[in-house]
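Counting convention: from 1, in listed order, for ligands and their atoms alike. In this text, all values refer to a predicted model and were calculated from it rather than measured experimentally.
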Amino acid sequence: MAKILKGADVVSALGEKMSLEIESLKKRGITPTLATLRVGERADDISYEKSIIKRCESVGVAVKSIALPDDVTQEELLICIDGFNNDKKVHGVLMFRPLPKHICEDTVRNALCPEKDIDGITDTSLASVFTGSDKGFAPCTARACIEILDFYGIDCTGKKAVVIGRSLVVGKPVAIMLMGKNATVTVCHTRTVNIPAIARQADILIVAAGRAESITKEFMSSGQTIIDVGINWNEQKGKLVGDVLFNDAEPIVEAVTPVPGGVGTVTTSVLVSNVVKAASE
Ligand code: NAP
């Protein structure tokens with residue numbers, strides 16, 4: 001039976017480290033503060049916003065939430081971001097995306113100063129994943145995958161890592177980060193031929209395809225560690241499921257993250273710890 005790589009254990013380790021940093025900031029009169037920026041009333045944005053606020057409050061990070069109407073102009077949005085950039089009391093900014101279609105998302109996300117880009121959405125932050133510079137922050141979900149591997153002592157050096165998915169938010173940055181940890185990395189996407197055969201070769205399999213329970217036993221082999229990034233609502237089961245068919249993985253692989261309670265849990269914590277880091281710099 002596979003070891004279950006629970007996000008909660010990683011979160012509590014990150015939390016311990018974070019609370020020491022928050023204590024020392026508070027002694028210097030600094031309260032780490034996150035600003036959230038939401039456009040419209042999308043249910044998933046609101047739910048994510050609530051979970052972030054809850055997590056921040058639980059560790060002593062302040063939150064300033066701004067919600068703008070769906071028909072906000074790009075100029076108004078840019079003024080809001082400029083306000084955050086210039087507000088010394090705001091250390092990190094989380095902007096919910098996608099933005100409405102009348103707004104150029106590339107222009108808006110790149111208006112944020114990299115020092116406050118705790119979600120890793122600016123081109124500067126993304127470039128720093130590739131160059132290894134310390135400008136900005138890596139996308140939180142990619143970082144969460146690495147935090148899980150590190151916490152559970154899964155050494156990447158010399159290992160074969162396969163990443164399914166090549167998005168800017170998860171697949172591409174996590175592939176680069178795995179390479180940085182000396183893994184030999186293969187990235188698969190919708191045009192890749194025979195993914196099951198490639199995936200079976202992996203020592204570490206990271207799945208971020210957004211296809212509910214599509215990774216079945218034909219993708220798996222014994223000894224593997226599987227990190228399931230997928231979060232999908234299964235109407236029939238009435239619950240969240242991953243991209244990995246958990247019941248196939250459990251009897252075959254060495255270790256697997258659950259959904260829910262895996263990568264998603266750690267992602268929120270990484271985001272909050274980035275706010276603390278931004279406040280410390
Ligand atoms: P995305 O932007 O839709 O990208 C999906 C990627 O998977 C694309 O590169 C796509 O390939 C590839 N793909 C899709 N179907 C595939 C298939 N059948 N075989 C191989 N590759 C396939 O999604 P994303 O934003 O990266 O998110 C991926 C999943 O992670 C989603 O379930 C999302 O909800 C979840 N997620 C979780 C967190 C978290 O905190 N846990 C955070 C973000 C996202 P092409 O490039 O060829 O189209």
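Residue Glu281 places its CD atom among more than 12 non-hydrogen atoms of other residues, nucleotides or ligands, all under 6.0 Å distant.
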Verdict with reasoning, Glu76 to Thr73, per side-chain hydrogen bond (donor to acceptor under 3.5 Å, both in side chains)
CA-CA 5 Å; Glu76 286 166 327; Thr73 65; 3.2 Å; yes
Intermediate values then yes/no, side-chain contact (heavy atoms from CB on, under 4.5 Å), Thr31 and Lys26:
CA-CA 6 Å; Thr31 302; Lys26 292 211 162 146; 4.2 Å; yes
Assess whether side-chain hydrogen bond (donor to acceptor under 3.5 Å, both in side chains) is satisfied between Thr216 and Asp248, documenting all intermediate values.
CA-CA 6 Å; Thr216 51; Asp248 271 10; 4.7 Å; no
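Remark: atom 30 (O) of ligand 1 lies closer than 4.0 Å to at least one protein heavy atom.
For ligand 1, the atoms sitting less than 4.0 Å from at least one non-hydrogen atom of Gly165 are 6 (C), 7 (O), 9 (O), 12 (C), numbered in the order shown with element in parentheses. Atoms of ligand 1 found under 4.0 Å from any heavy atom of Thr267 (numbered from 1 in listed order, with element): 39 (C), 40 (O). The ligand atoms of ligand 1 that sit less than 4.0 angstrom from a heavy atom of Arg166 are 6 (C), 8 (C), 9 (O), 45 (P), 46 (O), 47 (O).
In this structure, the protein non-hydrogen atom closest to atom 36 (N) of ligand 1 is Val229 O, 3.7 Å. For atom 27 (O) of ligand 1, the closest heavy atom belonging to the protein is Val170 CG2, 4.4 Å.
The closest approach between Ala208 and ligand 1 falls below 4.0 Å for a heavy atom of the residue.
Heavy atoms of Arg211 found under 4.0 angstrom from ligand 1 belong exclusively to the side chain. The side chain of Ile164, and not its backbone, has at least one atom closer than 4.0 Å to an atom of ligand 1 (non-hydrogen atoms only; side chain from C-beta on). With a 4.0 Å cut-off on non-hydrogen atoms, Ile231 touches ligand 1 through its backbone as well as its side chain.
Partner Ile206 forms a side-chain contact (heavy atoms from CB on, under 4.5 Å) with one of Thr257, Leu178, Val187 and no other, that one being Leu178.
Selection from Val163, Thr190, Val187 by nearest heavy atom to atom 16 (C) of ligand 1 gives Thr190. Nearest-heavy-atom check against atom 38 (C) of ligand 1 across Thr141, Asn232, Asp44 picks out Thr141. The heavy atom nearest to atom 2 (O) of ligand 1, considering only Ala209, Gly7, Ser167, Ala144, is found in Ser167.
By the 3.5 Å distance cut-off applied to N or O atoms, Ile195 is not counted among the residues near ligand 1.
Scanning both residues, Thr265 and Ala8, for their nearest heavy atoms gives CG2-N, 4.5 Å. Contact record, Arg55 with Ser269: NH2-OG, 3.2 Å, taken as the closest heavy-atom pair.
Scanning for side chain to side chain contact (heavy atoms under 4.5 Å, CB included) contacts around Pro196 gives Asn194, Arg200, Glu218, Phe219, with sequence neighbours left out.
For Thr122 and Ser125, the side-chain atoms include at least one donor-acceptor pair closer than 3.5 Å.
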